[in-house]
J.: 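The structure's right below; bear with me while I get my questions together.
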Amino acid sequence: MDNKAASKTYARRMRWSNLFTPTLRDAPGDAESASHKLLVRGGFMRQLHAGHYSMLPLGWKVHEKVAQIVREEMNAIGGQEFLLPAMHPKSLWEASGRWELMGDEMFRFEDRSGAEVGLGMTHEEVFASIATEINSYKTLPQIWYQLQWKFRDEPRPKAGLLRVREFVMKDSYSLDIDQAGLDANFDKHHEAYLKIFDRLDLEAMPVEASSGAMGGAGSIEFMVPSPSGEDDVVTCPNCDYQANVERATSKVDAISDDAPPAEPEKFATPGIRTIKALEDAGAPATSQMKSMIMVLDGNITIAVVRGDQQLNMQKLQDSTGAAELRPATPDETVEHLGAAPGSLGAVGVRDDIAIYVDESLQGRTNLTTGANEDDFHYRGVDIERDVNVMKYVDLREVRAGESCANCGTTLEIVRCIEAGHIFKLGTKYAEAMGAKVLDADGEMQTIVMGSYGIGIGRNMATIAETHFDDKGLIWPVSVAPFDVVITVMNMKDEATVNAANALYDELLAARIDVLIDDRDARAGVKFADSELIGIPYRVTMGPRGIADGLVEFTERSTMETEEIGLADIADKVKATLLS
RNA sequence: CGGGAAGUGGCCUAGUUUGGCUAAGGCGCCUGCUUUGGGAGCAGGAGAUCGAGAGUUCGAAUCUCUCCUUCCCGACCA
């Protein structure tokens with residue numbers, strides 16, 4: 001890995017005696033995740049309020065190194081850097097329909113004249129509005145990007161930098177004349193992202209994902225396994241199948257049912273409110289219809305999965321195209337279906353209530369379900385005959401232990417942090433903004449867009465989540481706040497100080513990002529701080545060794561120490577960092 | 001938004017149950033001395049409207065009410 005570029009940009013004189021890095025022995029009581037504790041303890045950042053963090057000098061330095069790597073890889077695929085406004089007029093977002101769609105997640109306010117504005121959560125609209133100035137296919141393709149602040153009114157910021165309300169994101173947008181062009185640019189981004197994560201030393205898995213509020217045809221998330229993550233990824237250990245649970249599928253064993261009675265039989269089930277209780281009363285969960293009453297864009301809707309399975313709300317949202325969805329309240333179920341949760345079902349409901357049924361129930365019969373009358377259920381239900389199914393769709397959430405749909409191997413589920421996400425948008429935003437060009441035949445074509453995002457702070461935190469030990473952080477050289485620290489054991493020993501300063505100057509001249517710990521502190525303090533902060537290499541210089549012409553060279557990740565001759569240490573450091 | 005927990009110097013905590021003198025301890029910080037290869041020692045010192053407001057009381061960190069803030073879980077279990 002080439003560290004020279006980063007070093008050129010960042011090498012500068014820095015003595016620890018003048019460095020503002022307030023390290024703490026104890027993590028703040030309200031920090032839970034590893035990255036949150038360590039980034040605060042190491043003096044990288046401080047919380048201002050929930051979801052808003054101040055970057056201190058060390059934190060900003062790491063942040064900038066991550067950003068620089070992202071820049072370099074975006075430039076490498078022909079990206080051009082922009083900087084767009086963070087504050088947008090309402091009209092722009094109304095044009096795409098997202099002023100409504102984004103709901104409470106968008107920060108909104110009025111300026112002094114009463115005009116409504118919003119803080120940008122993402123920049124499809126703004127970039128598409130600029131793309132209206134492209135008139136010819138000859139100008140395409142384009143890749144446009146920026147590193148810029150995003151604002152999102154998250155319902156629950158959490159885990160330090162992992163989920164915040166304002167953060168720097170690299171967002172890029174590809175502009176093409178057709179789908180083939182989009183596919184090519186999408187693949188370029190896919191490759192660039194893998195390079196970025198490789199340079200950040202993150203083991204990111206590309207997985208199939210839901211496109212959510214972005215819209216569009218295809219999307220891939222880059223997921224880094226970590227217990228602090230918020231997403232579950234289904235992986236096949238055999239055939240490389242990987243997908244977010246919001247999208248993942250698996251093989252379901254076929255179930256053969258006994259012939260049903262001529263019509264559903266209603267039977268009394270006093271006090272039975274759960275799948276489990278109904279199972280105890282003789283109806284296997286695999287033969288129950290779990291009917292969840294949802295409100296989709298204001299309309300009562302029933303989603304049905306098998307009794308032993310779980311509904312994935314994102315799948316329901318994706319397959320219905322609903323902008324907003326929530327479970328119905330108990331009052332609403334009584335009003336629209338006539339019973340409270342626990343006795344609900346899809347048999348014989350009003351015509352205007354849409355019913356979506358999971359594919360695994362197609363063709364099933366002799367099922368048990370709520371009768372929409374408290375304390376009563378139906379049995380002997382034939383789904384084709386008795387339920388007015390609007391559509392069979394994939395609704396159920398894959399669980400660990402199920403079989404891979406491709407190869408039959410037992411699937412695993414891994415908790416992950418979403419480190420990056422790329423989308424094939426299509427023409428939605430270009431259409432809304434009127435971004436059209438003339439093609440080679442003189443025909444007007446709408447520009448085909450893709451959008452691609454990486455959160456810089458989140459990636460910094462993800463590196464922290466995956467690079468630490470009981471002593472503190474262990475940054476990869478590519479993003480470490482410093483490449484190497486020279487730890488001076490005794491600032492009163494002239495020979496040591498002189499040797500340390502000489503090495504410091506030589507490494508600086510070689511463009512190495514070096515820090516000299518020239519504080520008048522005891523050895524233990526200096527060791528503990530350098531390990532907490534996670535500087536990858538340490539040169540330890542003390543009177544004892546200097547007298548014999550020796551210094552120590554320690555690698556943070558392994559804590560292995562090697563004795564090196566004073567005359568050779570500069571070359572050793574250069575060889576290690578610049579090779 | 002629902003549920004749970006918690007707010008005491010820069011950081012971690014005790015004290016709150018059972019109201020009572022100048023709010024205690026550790027870390028960190030300042031001064032001096034000593035020390036200098038794994039978060040030293042001694043001495044002295046600075047730093048707190050105990051989250052905010054209202055109330056009860058002779059007296060409130062402690063009891064009551066309201067509000068604010070932060071963290072965790074959830075946002076489907078029919």
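Below, read A as the first sequence line, B as the second, and so on, with proteins coming before strands; counting in each chain starts at 1.
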J.: What protein N or O atoms touch nucleotides 69-73 of chain B N or O atoms at under 3.5 angstrom, if any, and at what distances?
T.:
unit_1 : atom_1 : unit_2   : atom_2 : d
B:rU70 : OP1    : A:Ala50  : N      : 2.8
B:rU70 : O2'    : A:Asp30  : OD2    : 3.1
B:rC71 : OP1    : A:Gln47  : NE2    : 3.0
B:rC72 : OP1    : A:Ala159 : N      : 3.4
B:rC73 : OP2    : A:Arg156 : NH1    : 3.2
B:rC73 : OP2    : A:Arg156 : NH2    : 2.8
B:rC73 : N4     : A:Arg156 : NE     : 3.4

J.: With both distances under 3.5 angstrom, what nucleotide forms a Watson-Crick or G-U wobble pair with B:rA5?
T.: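 Per the H-bond distance test, B:rU70.
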J.: Which of these nucleotides, B:rG26, B:rG37, B:rU36, is closest to any side-chain atom of A:Asp26?
T.: B:rG26
J.: Under a 3.5 Å cut-off for both contacts, is B:rC65 paired Watson-Crick or G-U wobble with anything, and if yes, with which nucleotide?
T.: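 The base-pairing partner of B:rC65, which may sit in any strand shown, is B:rG53.
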J.: Considering Watson-Crick and G-U wobble pairs with both distances under 3.5 Å, what does B:rA43 pair with?
T.: B:rU31
J.: After noting the C-alpha distance and the side-chain angles of A:Asn244 and A:Met223, does the key distance pass the side chain to side chain contact (heavy atoms under 4.5 Å, CB included) rule?
T.: CA-CA 9 Å; A:Asn244 193 306; A:Met223 304 298 255; 3.8 Å; yes
J.: What is the distance, to the nearest angstrom, from the CG atom on A:Leu24 to the P atom on B:rG10?
T.: 13 Å
J.: Has A:Gln288 got a side-chain atom pairing as donor or acceptor with A:Thr368's backbone, closer than 3.5 angstrom?
T.: no
J.: Counting any heavy atom closer than 4.0 Å, what does A:Glu531 reach on the DNA or RNA strands: base, sugar-phosphate only, or nothing?
T.: base
J.: Would you indicate which nucleotide in B:rU36, B:rG37, B:rG38 comes nearest to any side-chain atom of A:Lys492?
T.: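 Looking only at side-chain atoms, A:Lys492 lies closest to B:rU36.
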J.: How many Å lie between CD on A:Gln310 and C1' on B:rA75, as a whole number?
T.: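 A:Gln310 atom CD is separated from B:rA75 atom C1' by 13 Å.
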J.: Does A:Ala27 reach a base, just sugar-phosphate, or nothing at all? Heavy atoms under 4.0 Å.
T.: sugar-phosphate
J.: Both A:Asn490 and A:Leu532 contact RNA chain B. Which one's nearest nucleotide lies toward the 5' end?
T.: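 This one resolves to A:Asn490.
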J.: Under a 3.5 Å cut-off for both distances, is B:rA23 Watson-Crick or wobble paired, and to whom?
T.: none
J.: Starting the side chain at C-beta, find the nucleotide from B:rC12, B:rA40, B:rG37 nearest to A:Ala523.
T.: B:rG37
J.: For A:Asp529, which contact category applies under a 4.0 Å heavy-atom criterion: base, sugar-phosphate, or nothing?
T.: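 Base, at least one base atom sits under 4.0 Å.
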J.: Output the rounded distance in Å from CG (A:Asp520) to P (B:rG37).
T.: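 Distance check: A:Asp520 CG to B:rG37 P gives 13 Å.
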J.: So which of A:Tyr537, A:Phe44, A:Phe468 actually passes ring pair (Phe, Tyr, Trp, His ring centres under 6.0 Å) with A:Trp475?
T.: A:Phe44
J.: Is any side-chain N or O of A:Arg544 closer than 4.0 Å to OP1 or OP2 of B:rG37?
T.: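 It does not, given that no N or O in the side chain of A:Arg544 lies less than 4.0 Å from OP1 or OP2 of B:rG37.
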J.: Nearest whole angstrom, please: distance from the C1' of B:rU36 to the CG of A:Asp517.
T.: 13 Å
J.: Rounded to whole angstrom, note down the C1' distance from B:rG4 over to B:rG15.
T.: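 One C1' to the other, the span is 24 Å.
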J.: Rounded to the nearest 0.5 Å, how far does CD of A:Gln47 lie from CG of A:Leu39?
T.: 13.0 Å
J.: Using a distance-only criterion (donor-acceptor N/O pair, under 3.5 Å, no hydrogens), is the base of B:rG28 paired with the side chain of A:Arg41?
T.: no
J.: In whole angstrom, what separates A:Glu154's CD from B:rG74's P?
T.: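 It is 15 Å, rounded to the nearest whole Å.
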J.: Side chains of A:Arg15 and A:Ser17: donor-acceptor distance under 3.5 Å anywhere?
T.: no
J.: Please report the distance separating the C1' of B:rG10 from the corresponding atom of B:rU18, rounded so that it comes out in whole Å.
T.: 34 Å
J.: Under 4.0 Å between any heavy atoms, over every strand shown, what does A:Arg538 touch: base, sugar-phosphate, or nothing? Just pick one.
T.: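 Touches a base.
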J.: Between A:His377 and A:Phe267, what is the ring plane arrangement, given parallel below 30°, perpendicular above 60°, and tilted in between?
T.: tilted
J.: Could you tell me whether A:Lys471 and A:Asp469 have a side-chain N and a carboxylate O separated by less than 4.0 Å?
T.: no
J.: Output the rounded distance in Å from CZ (A:Arg163) to P (B:rA75).
T.: 14 Å
J.: Please check: side-chain N/O of A:Asp153 versus main-chain N/O of A:Phe107, any donor-acceptor pairing under 3.5 Å?
T.: no
J.: Just the rounded figure in Å: distance from P of B:rC12 to NZ of A:Lys37.
T.: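 Spelled out: NZ on A:Lys37 to P on B:rC12 is 12 Å.
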J.: Can you check the A:Asp470 CG to B:rG38 P distance for me, whole Å?
T.: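 A:Asp470 atom CG is separated from B:rG38 atom P by 18 Å.
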J.: Assuming nearest nucleotide by heavy-atom distance, tell me which of A:Leu550 and A:Gln309 is located more 5' along RNA chain B.
T.: A:Leu550
